[in-house]
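Read the structure below first, then the notes.
Please read all numbers here as calculations on a predicted model, not as lab measurements. Quick note on labels: first sequence line is chain A, next is B, and so on, each numbered from 1.
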Amino acid sequence: MEAATPLYHFISSHQPFTQKQPRRYSTNFGLINVAETLPETSPSTSPSPLSSSQFDYEKEFHSLNSVRAMHAKMIKLSRERDSKRNMQSFISAYLEFGDFQSAAVLFFVGFAENYLYWNSFLEEFSYFGGNPCEILEVFSELHSKGVNFNTEILAFVLKICSKLRDTWLGLEVHACLIKKCFNLDVYTQCALMNFYGRCCGTERANKVFKEALIHDSLLWNEAILVNLRDEKWAEGLQMFCEMQALHVKANGLTISKVLQACGKLGALDEGKQIHGYVIRYELESNILIRTALINMYVKNDKIKIARVVFDLTDNRNLPCWNSIISGYIALGYLDHAWELFNEMITSNIKPDIITWNCLLSGHFLHGSHREVLAILRRMQSAGYQPNRNSITSVLQAVTELGYLNHGKEIHCHVIRNGLDYDLHVATSLVDMYVKNDDLTSAQAVFDCMTNRNICAWNSLISGYSCKGHFEKASNLLNQMKEEGIKPDIVTYNSMVSGYSASSCIKEALGMIRRIKSCGMSPNVISWTSLISGCSQQGYFREAFEFLIQMQDEGIKVNSVTISSLLQACAGLSLLDIGKEIHCLCIRNNFIGDVYVSTALIDMYSKCGNLENAQKVFQRLEYKTLASWNSMITGFAIYGLSTEAISVFDRMREANVQPDAITFIALLSSCKHSGLLDKGWKYFDHMKTDFGVIPTIEHYSCMVDLLGRAGYLDEALDFIQSMPMEPNAAVWGALLTSCRIHGNVELGEIAAEYLFKLEPYNAANYALMMNLYALSNRWKDVDRTRDKMEAMGVKIGPVWSWVQVNQRIHIFSTAGKTHQEEGEIYFELYKLISEMKKLGYIPDTKCVCQDIAEVEKEKVLLAHTEKLAITYGLIRTTSPAPIRVINNTRICSDCHTVAKYMSLLRRREIFLKDGVRFHHFKDGKCSCCDFW
DNA sequence: ATTTGCGTGC
């Protein structure tokens, strides 16, 4: 094809065309009265009289120049009007040889007969690669030269304006139309409505509809479509109903779009009525309507009806298959979706990128993140190129899985295929790097983005903020403002969340105030971020205070808030408040939320109510990995290893793949029960049978397990054989075991590492002092205490609390003494003397002070858990169990005393310490004295 | 379509 040289170059060649003109709407065709301006020059080939037959022209159409030559001949002989078909041939020829302007000029000045012809012109124009913009340019130019167009041409131009969103020209065309005639025909009115709907808003289009004198079916259909295109679902549906009342017939496109509206609005009844209409007017064979019906039923949660419609469709095309497959996927029936997918393949329908993307995003949304990667591989090996949507889903899955390396590979693919210029892909990349803790790469991708949307900014800001880089986050916030992007509630919430996660409660509250000063209202997410931050950092009381503030401001809690609050209840063992929240969950239908139910299981087990934890667990219809894990953990912290293992077995029967946390729970249940062999078994099998690679947490569990069982040397060997550097938890486990078994030598080795790794952790010094005291090595006790004091480390307060009559009573080594202390000690002495009659001997080994035995007994009596239990005994009545929480690890003397108390006063005592649970009943403890 | 808040362990 030759380079396009516009028609006027040839016909106006006597006028030198030197200046390059700016393209849009300002080209200068010397076109008007073409025949008159044409110079009287003879073409080089001798002009023979042309026949009127079109074929004579077409025979000569070998190149653009030959087309022009023929055109010139035709004009010269003034045979333009001879045949409209001749004109068509020339237009087609110009299009074929790529001279789109000449084609458009001929189209406008030549003739324009009917709508059908225009559409085929537009089709042909685009088919040969012409940009419809050029049609508008030619029209504009002719219009400015004063050419008068008929209304049909104007309507045609209006259609293109509408398509190209050329509001200015469209309004100009409307002005021409008004000048021409007052009563526009239906087609023109439709074009006008279409234009206003797309370019000036639905309201203007509706005005055109209202002002129209006659509302025929074409106009009704267009009016409804205009509203639905603008996602005015309710308005569109309403108009459809009005149209029905007037017995105006709807066309297939309108019906399919109205069905879409029924889906969006959840208007099942209306949807069914339209289904009835479809059957009555025998429109069922229309595949567009069929597909819309399937979608409508899917959106209204009626997948079974959708399936019936699908099954009854015999001319299923690809969109139809895609609809039913995406329906199953949206509702989470991934297996059904695959079944249909395979069925589709056997019916010789090839999936398209939409099908694949639907599978990708569906598996991501339903948490099957690994499958997303498998589907990607499958589609690639089937020869499909992932597009921006595919990449976005895959990146999200990779982000969730934490597969940074996979993410980088996808980044490479993105770069190779030039997709990095796509806004959404780039945003997903930023987010992938942010969530995988690679802020440097996130920043690099961000810096390369030529235009950034608010999501990209927010993603990066949240990355810096959550990692505690508040300065960088604030700088970005200011920078985005400078670049003219207004921070939204998400931006501020990211800051709130970051501050809350770093215990910067004041700053987080400041952000909430800033949201208000910007004229926005802090929403449920802002408050929940603050509350969950408090719950996770141990500021449980503050969590409840902010809950009250939030409710005062009229913000209602949602399931996420509830999960955070339950965490606070679990942390404080606030069983009664936890139960209140459980009621709230039932009232507000939060029970079905997997996060809430998991948090409930955790709350009940940490508040000492294992039965309720089990009940919640059993009633869970859909058990997630986390819910199985928290139930196993629940049994584990009670030392109920048999039960924990049986939950694990049931989990495997349910085909749920265990993860690292499952094995930590299992190993710790073995640890709490001294099941060394079982522990080894799980440790060995977790990698070989389940593909879960042991982390340092698993190793430290094993050290604990070995050590507590008395295999201290083996524990040390095990530490030395570890594939990673042992951390403080590992050495801490060894030191704890050494203290239990009184092994000073090994303990000193562990302590040496610990003092290096955690020089400011008072618990380590306390453990070592305790170990020395057991062996009566008082000088070493003093030396360790001096070392600790030299480091400026202080042993924090030890506290226990018990709830009596809706109030929490705290007994602390640091705080004020309890006002009823006298009464408490009176009862405690009484109990001790009763116990002594039954054979109780105070276990003074727990006291690491070099003082007389009698003094040691006094120290033991002051242990906070004893005071808390005693207070519970005197201020509550049987059979209410007593629940005591302690923030350290219960000593063996308190353990013995609690057993006697449960026997003497016939009370169940639940005691939660920093490590696990003890349930005392009838003089026995659930831990069987192994803890 | 892309961005903010939630559960399981140590």
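Applying the side-chain hydrogen bond (donor to acceptor under 3.5 Å, both in side chains) test to residues at least two apart or on different chains, the pairs with a partner in residues 606-617 of chain A are A/Asp602-A/Lys606. For residues 553-569 of chain A, every residue pair satisfying the side-chain hydrogen bond (donor to acceptor under 3.5 Å, both in side chains) rule, not counting sequence neighbours, is listed here: A/Lys516-A/Glu553, A/Thr528-A/Thr561, A/Asn558-A/Thr561, A/Ser559-A/Asp593. Identified under the ring pair (Phe, Tyr, Trp, His ring centres under 6.0 Å) test for residues 594-633 of chain A, with sequence neighbours left out: A/His582-A/Tyr604, A/Phe617-A/Trp628.
From the 5' end on, the contacts that DNA chain B makes with chain A at under 4.0 Å to a non-hydrogen atom open and close at B/dA1 to B/dC10.
Across residues 494-520 of chain A, A/Ser494, A/Ser497 each have a non-hydrogen atom less than 4.0 Å from an atom of DNA chain B (numbered order). Scanning residues 388-401 of chain A for heavy-atom distances under 4.0 Å to DNA chain B yields A/Arg388, A/Asn389, A/Thr392, A/Gln396. Of the residues in residues 654-669 of chain A, A/Ile661, A/Ile664, A/Ser668 come within less than 4.0 Å of DNA chain B through at least one heavy atom, sorted by number.
At a threshold of 4.0 angstrom between heavy atoms, the contacts of A/Asn523 with the nucleic acid are absent. A/Ser563 comes within contact range of at least one nucleobase, with a heavy-atom separation under 4.0 Å. Within 4.0 Å of A/Lys623, counting heavy atoms only, lies no atom of the nucleic acid at all.
With sequence neighbours left out, A/His698 forms a ring-ring contact (aromatic ring centres under 6.0 Å, His included) with no residue at all. The ring-ring contact (aromatic ring centres under 6.0 Å, His included) search around A/Phe917 returns A/Tyr638, not counting sequence neighbours. Taking the ring-ring contact (aromatic ring centres under 6.0 Å, His included) definition, one finds that A/Phe544 meets it with nothing, sequence neighbours left out. For A/Tyr699, the ring-ring contact (aromatic ring centres under 6.0 Å, His included) partners two or more places apart in sequence, or in a different chain, are A/Phe683, A/Phe718. With sequence neighbours excluded, the residues that form a side-chain contact (heavy atoms from CB on, under 4.5 Å) with A/Lys481 are A/Leu477, A/Asn478, A/Pro487, A/Tyr492, A/Arg514.
Between the side chains of A/Asn493 and A/Asn458, no donor-acceptor pair of N or O atoms lies under 3.5 Å. With 3.5 Å as the limit, one finds no donor-acceptor pair spanning the side chains of A/Asn389 and A/Thr392.
Within a 6.0 Å radius of NZ in A/Lys678, other residues, nucleotides and ligands contribute 12 heavy atoms or fewer.
With ring centers used as reference points, A/Tyr403 lies 6.0 Å or more from A/His369.
The shortest side-chain heavy-atom distance between A/His406 and A/Leu401 does not fall under the 4.5 Å cut-off.
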